[in-house]
*Asks:* 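Structure provided below as structure tokens; questions to follow.
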Amino acid sequence: MAMVTGGELFVRTLVGAQVTKVFALHGAHLETLFQACAGHGIGIVDTRHEAAAGHAAEGYARAGRTLGVAMITAGPGFTNAVTSIANAYLDRTPVLYVSGAAALRDAETNTLQAGIDQAAIARPITKWSHQITVPREIPRLVAHAIRIATSAPTGPVLLDMPVDVLTASVEENSVRIPETIRLSSRTAPDAPSVAAALDLLARAERPILLAGSGAWQSDCAAELREFVELTSIPVFSDFQAHGLLPSDHALYAGTFHKLADLTGAQGRPDIVLALGTRFGLFTLGASDKLVPVAARIIHVEVDPREIGRLRDAAVAITADPRETLRALLAAGSQRRWRSREGWLAVVREARAARLQRLSEALQRTSAPIHPYQAVSAIADNIPQDAIVVGDGAEAYHWMNEVIRQRREGSYLTHGFLGAVGLGLGLAIGAQSAHPHRPVLCLAGDGAIGFNIAEFDTLARHRLPIVVLVMNNRSWAASQHFQEMVGNPVRGTRLGDARYDEVAVGFGCRGQYVRDLAELGPAIRAAFASGQPTCINVVIDVAPLPPELALLASRHS
């Protein structure tokens, strides 16, 4: 009778779930999994730090709208990945984290990398966390974990795998790989709620649509475009939803924070269709700065816990955003919709005024480079289909001012955890999900230091990611906070490190840029080279991103 190991059963279940790539850092506890992955053609992108492996699995899941898998060894391997697990949990990213663990037989023996309950630690920051103790139960529990991770609202799960469970052998014919591992059903809205939403939108004078990350996850780009073109409703998006409506579309109005530019009685929205949007940090919570308190909310969310959390809903629809748009289109196409040219003109004028204010920075001719000049050069010189990753407490806020995406799922950046240092990992995952698309990682000089050894991962796996470091020799967000509250600047300065030379040392290309005229050509040359590249750009620390100024004033 043929025998198979627990690790083999685990990987066969991944194969049944159509998993083709995992992100990992090897440890002895995981050896059986590594060998089984190789035997089944599952690619392993091995990183230099477990945090990067976790973030890469997040990037793969987010860019590919699929399941990410991260394999991390016991003890410090697991604890190194906790930030990624928490990040995925707050941002609803479907990742299966697999942690190695000491053998069950070694419980309470003070053995290596043991003595902590990894499954218990992960429980508050996952949708489900479980230690598998019986080898023949592995396929059932792995399938169960994947279903939980990939079902709405999506999120991370953790399976803790003792090494003796992975290496134990069972009779092959005694275990079956489940046939149904992923679920595909979507929740549709009820007809009365759809009618109520359409009634509000039809009466609205100044409606807007907020496209959140849930809209991206539902794969609703075609339906969104058709609906807003039918109703002439302008669209604001959060980061994950950028590109659902192309940035050059007449009805696209910008990121959520651009709502702050709509001022005055005739400039503020009266009806808000929040599509897959979670009210909180990126909508400034319950404040009046972005979404007026008087505005009536139509809230479409798969998770009923988000309905009414911070903003009361005039119409609450607990359903999938794509199914909701389809229902709105089916019923709304029978209606006559008013012209909204006056309202759209107000939205466009507010956007143009913001660009005009920022354009003054483009006139600077002296060094150092203004950060807005740097991100403008990025937007003007990256390939049209590039995936952009933003990392850094201020760097990504500057990128938000100029990001232009024509394809959905093309801008990955910070979420609710605000985890600085995830950029290289996200970029590795995004490039792995889309090997034929260009990927740019924009990072602050503070952020790049967290996982700088991942330049070695880029070189070893020949991932042609272009990393642009905005180097202002500072933890700028912290420095600006100290300055705003009137405290001395302490512990927030950094040196003029040569990040480009570090990248070269790991086998990548590198370039140091002080002159703005060199930046555009450097970006184009980096993408043309087909090699991983670090462009270290010296920028001015003084300017404060407009979005950060808005966030700082949220309690004023």
Side-chain angles (χ1 to χ4, degrees), residues 14-15 17-25 37 40-47 51-72 81 84-85 87-88 91-98 146 149-150 154-157 181-182 213-221 239-244 382-391 403 405-415 419 422-443 451 454 457-467 527 530 532:
L14 292 186
V15 171
Q18 292 84 51
V19 172
T20 59
K21 188 157 293 184
V22 300
F23 303 88
L25 199 161
C37 282
H40 288 279
I42 293 180
I44 298 176
V45 179
D46 56 311
T47 62
H55 292 316
E58 291 180 72
Y60 186 84
R62 289 171 62 179
R65 202 191 276 117
T66 189
L67 175 74
V69 179
M71 302 193 309
I72 49 184
S84 172
I85 298 171
N87 195 62
D91 290 343
R92 295 178 171 174
T93 307
V95 178
L96 169 60
Y97 293 90
V98 182
I146 292 172
T150 56
T154 58
V157 294
I181 298 179
R182 300 202 197 197
S213 59
W216 149 251
Q217 289 179 324
S218 74
D219 191 13
C220 67
F239 313 123
Q240 191 72 23
H242 286 341
L244 280 175
I382 60 175
Q384 191 175 93
D385 63 339
I387 298 172
V388 176
V389 174
D391 182 17
I403 189 70
Q405 295 293 14
R406 294 177 178 85
R407 292 182 62 173
E408 53 188 301
S410 297
Y411 187 39
L412 312 181
T413 187
H414 300 291
L422 50 62
L424 281 172
L426 289 183
I428 290 167
Q431 187 71 85
S432 299
H434 298 284
H436 301 298
R437 290 183 63 186
V439 175
L440 179 130
C441 175
L442 170 70
N451 283 298
E454 298 310 322
T457 304
L458 305 190
R460 284 185 296 108
H461 290 278
R462 298 180 180 177
L463 301 172
I465 297 166
V466 176
V467 182
F527 280 110

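Predicted model only: the values in this text are computed from it and were never measured.
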*Asks:* Counting C-beta onward and ignoring hydrogens, is there a side-chain heavy-atom pair between Thr457 and Asn451 closer than 4.5 Å?
*Replies:* no
*Asks:* Are Cys37 and Met71 packed together at the side-chain level, in the sense that at least one heavy-atom pair is separated by less than 4.5 angstrom?
*Replies:* yes
*Asks:* About how many Å separate CD of Glu58 and CD1 of Ile428, when rounded to the nearest 0.5 Å?
*Replies:* 12.5 Å
*Asks:* If only atom types and distance count, is the side chain of Arg62 paired as donor or acceptor with the main-chain N or O of Thr413 below 3.5 Å?
*Replies:* yes
*Asks:* To check you understand the geometry: which heavy-atom pair defines the closest contact between Ile465 and Ala427, and what is its length?
*Replies:* CD1-O, 3.4 Å
*Asks:* Please give me the minimum heavy-atom distance between Ala149 and Pro94, naming the atom from each residue.
*Replies:* O-CB, 3.3 Å
*Asks:* What's the spacing between Tyr60 OH and Arg65 CZ if we round to 0.5 Å?
*Replies:* 14.0 Å
*Asks:* Backbone N or O of Val15 within a donor-acceptor pair of the His40 side chain at under 3.5 Å?
*Replies:* no
*Asks:* With heavy-atom distances below 4.5 Å as the criterion, would you say the side chains of Glu408 and Asp219 are in contact?
*Replies:* yes
*Asks:* Do the non-hydrogen side-chain atoms of Thr93 and Pro156 ever get within less than 4.5 Å of each other?
*Replies:* no
*Asks:* Under a 3.5 Å cutoff, is there a donor and acceptor pairing between the side chains of Asp46 and His461?
*Replies:* yes
*Asks:* Has the side chain of Arg182 got a donor or acceptor atom that lies under 3.5 Å from a matching backbone atom of Ala17?
*Replies:* yes
*Asks:* Please state whether the rings of His242 and Tyr411 are parallel, tilted or perpendicular, taking 30° and 60° as the class boundaries.
*Replies:* parallel
*Asks:* First locate atom NE2 of His414, then atom CG of Asp91, and finally report the distance between them rounded to the nearest 0.5 Å.
*Replies:* 11.0 Å
*Asks:* Less than 4.5 Å apart, any side-chain heavy atom of Pro532 and any of Leu463?
*Replies:* no
*Asks:* Show the nearest heavy-atom pair for residues Phe527 and Pro438, with the distance to one decimal.
*Replies:* CE2-CB, 3.5 Å
*Asks:* I'd like to know whether Gln240 forms a side-chain contact (heavy atoms from CB on, under 4.5 Å) with Leu412, so could you lay out the CA-CA distance, the side-chain angles of the two residues, the decisive distance to 0.1 Å, and finally the verdict.
*Replies:* CA-CA 6 Å; Gln240 191 72 23; Leu412 312 181; 3.7 Å; yes
*Asks:* Can you tell me how far apart CZ (Arg437) and CD1 (Ile387) are? Round to the nearest 0.5 Å.
*Replies:* 4.0 Å
*Asks:* Between atom SG of Cys441 and atom CG of Leu424, what is the distance when rounded to the nearest 0.5 Å?
*Replies:* 5.0 Å
*Asks:* Rounded to the nearest 0.5 Å, how far apart are CG of Leu67 and OG1 of Thr150?
*Replies:* 6.5 Å
*Asks:* Is there a donor-acceptor contact under 3.5 Å from the side chain of Gln405 to the main chain of Ser410?
*Replies:* yes
*Asks:* Tell me, do Leu14 and Leu96 make a side-chain contact under 4.5 Å, heavy atoms counted?
*Replies:* yes
*Asks:* Heavy atoms only: give me the nearest Trp216-Ala241 pair and the separation to one decimal.
*Replies:* CB-CA, 4.2 Å
*Asks:* How far apart are the closest heavy atoms of Ala70 and Ala53, and which atoms are they?
*Replies:* CB-O, 4.0 Å
*Asks:* Check whether any side-chain N or O of Thr154 sits under 3.5 Å from a backbone N or O of Arg92 as a donor-acceptor pair, and report yes or no.
*Replies:* yes
*Asks:* Looking only at heavy atoms, what is the nearest atom pair of Asp391 and Ala419, with distance?
*Replies:* OD1-O, 4.3 Å
*Asks:* Answer yes or no: is there a side-chain heavy-atom contact under 4.5 Å between Gln18 and Ile181?
*Replies:* no
*Asks:* Any heavy-atom pair between the side chains of Ile42 and Lys21 that's under 4.5 Å?
*Replies:* no
